[in-house]
Number of protein chains: 2
Amino acid sequence: MTSVSTEPRDTDGPSPATAPTGGSAAQRERRRRILDATISLAAEGGFDAVQMRAVAEQAEVALGTLYRYFPSKIHLLVSALAREFTKDVDRSAIRATPGETAHERIMYVLNRRTRALQKQPKLTEALVRAFMFADQSVTGEIHEVGTSLTTVIARAMHGTPDHGEVTEEEAAIIRIISDVWLSALISWVTGRMDEKDVEKSIDVAVRLLLR
Amino acid sequence: MTSVSTEPRDTDGPSPATAPTGGSAAQRERRRRILDATISLAAEGGFDAVQMRAVAEQAEVALGTLYRYFPSKIHLLVSALAREFTKDVDRSAIRATPGETAHERIMYVLNRRTRALQKQPKLTEALVRAFMFADQSVTGEIHEVGTSLTTVIARAMHGTPDHGEVTEEEAAIIRIISDVWLSALISWVTGRMDEKDVEKSIDVAVRLLLR
DNA sequence: GACTGATGTAGAACGTGTTACAAGTCTAGA
DNA sequence: TCTAGACTTGTAACACGTTCTACATCAGTC
C-alpha cells in the first residue's frame, strides 16, 4: 500500500462525488453502490478482502471510476465508516438517551455501539484499521468521524438530543473518552483485549473522568 | 500490503532471531544491521521509504533473510519501535524523574519523549503508523512496546526508578494516559494536531485523572 | 442533429510487499 | 575430515493498490 503524499492530488478539478451530496442522481447512486460493496466485502473478509478490483466489480463500476470517487482504499474505507457513524448520529438525535447519570448514559451509548461493532468483527477490523492507518490526505473524512463520535457522547453526557454548549472541560473529557474507546477498539480488533476488557476499560475511564 | 491471517505461520520451527537475544553472534549482528537500516530509511523518508528491498540492500542481507528475521514490514517497524522504547526504559531506570508531583513527573517524561519523536517526524510517522496498523500476528512486539511505556509512566508516577506495586486504579490510569498519548501522537503525525495540542491534550488527561 | 467537454469503461501496466526456489555456505557432530 | 541440516543468497514470480491509455457515452450548447 502506498500512502498518499503530502501534496494534494492535482486533479482536473473537483471530483464528481467527493461529498455524499451533490452530483447527479446517477452519481449519488454510484457512490452508494460503491460504499455498499465496500461494507459487504469488509463484513465478509475484513480489510484484506476489500480489494479495489472486487469493490469495482461488485459495485458495477470501472476501476477508474472507483478511483475517481475515492482516491485510495483508505479513503474508501474511512468514508464507509463515516457513513455508518453518521447514521448513528441521526438515530441519537431522535430521542433522549436512557440512564440516570452521565456515566450511565455514556456507557449506554458506547456499549451499544461497541456491541454492534463486535457483532461484525471483520467489518470492524477493516474500518478501524483503515481509520488508524489514514494519513494527512484523509483529514476530511477522519474529522467527520470524530465529529459524529463527539456529538453522540456530548448528547449522552447531557441526556438530551439537543446538547447545549459544552464547556471546554467537557470537550476535553469527551476527547479523552473517544481516545480510550478507539484504543480499546483497536486492541479488541487485534485480539489484545476481549469484549469484557473493552467495556471495563471504558467504564474506568468514564468513572475517573466524571467523578 | 497484505496483513497476516489469523492462523500462525507454519514455520519450520522457531525463527533464527525472532528475539533480540539468542542466535549466533552473526545473527544478532544481522538483526542489528536490519533494524539500523530500517530506522535510517524511516528517518529519511517515512513509512513509504521503508521498502523491504531497500532495507535488505542497506543491511546487506538477502530479501529472503530479511523475511526470515521479520515476517512482514509491520513486524519490522514495530520491532524497531520496540527497540527504541526499550532504550528509553533502560535510561529511565538509571535515575529518579525530576518533578515535585506525579503530574509534573509524568508530563516531564512524556513531553521529553514527545519532543524527541517530533525532532524526527518521518521516523515517527513510520513507527506510529506501523504500530497502529499492526494486526494480531504482531501481538508480541506490540506488547513489548506497551510494557515499556507502562513501566516508564509508572516510574514517573512514583518518582523512583524502582516503582513498587502499582494498584489496580493506578494501572488503569496509566493505561488511559498511554491511550491518550498514542492518540495524540497519531493526530500529530497525520497533521490533525500541532505540537502544542499534543502537549495540552496529555496535560489535561493527566490533570483530570490524577486529581 | 452535430460538437464539445466531462464522465465512465475496459484493460494494460507499474511498483512494492510477499512468496518460492535453486544453489551456495556455515556449523555441529560423527 | 566429512556429512547432514540449517541458514543465506540471488532471483524470479505473484498479488494487489494504483496509474495510465484509448475509446464509449452522456449532457448541455450551438
Go through D:dG10, C:dT9, D:dT19 for me and flag the one nearest to the A:T65 side chain. C:dT9
Taking side chain to side chain contact (heavy atoms under 4.5 Å, CB included) as the test, write out the residues that go with A:A126, two or more places apart. A:A42, A:F47, A:L77
A:E60 atom CD: more than 12 heavy-atom contacts under 6.0 Å: no
Please report the distance, rounded to the nearest Å, between OH in A:Y67 and P in C:dA13. 18 Å
Taking only side-chain N and O atoms of B:Y69, does any of them lie within less than 4.0 angstrom of OP1 or OP2 on D:dT8? yes
Does A:V50 reach a base, just sugar-phosphate, or nothing at all? Heavy atoms under 4.0 Å. sugar-phosphate
For residues B:P161 and B:R155, report the shortest heavy-atom separation together with the two atoms involved. O-NE, 2.9 Å
Looking only at D:dG17, C:dG17, D:dT11, the nucleotide nearest the A:Q51 side chain is D:dG17
Are any of B:Q27's side-chain N or O atoms less than 4.0 Å away from OP1 or OP2 of D:dT8? yes
Look at the side chain of A:R53 against the base of D:dT18 and say whether a donor-acceptor pair falls under 3.5 Å; ignore hydrogens and angles. yes
Check the distance between C:dC26's P and B:R30's CZ and give it to me in whole angstrom. 10 Å
Residue-level proximity of residues 35-43 of chain A to DNA chain C when a heavy atom falls under 4.0 Å: none
Check whether the side chains of B:T114 and B:E199 place a donor and an acceptor atom closer than 3.5 Å, and report yes or no. no
Closest of D:dT8, C:dA12, C:dT18 to the A:L63 side chain is C:dA12
So what does B:E60 hit on the nucleic acid, given a heavy-atom distance under 4.0 Å: a base, only sugar-phosphate, or nothing? sugar-phosphate
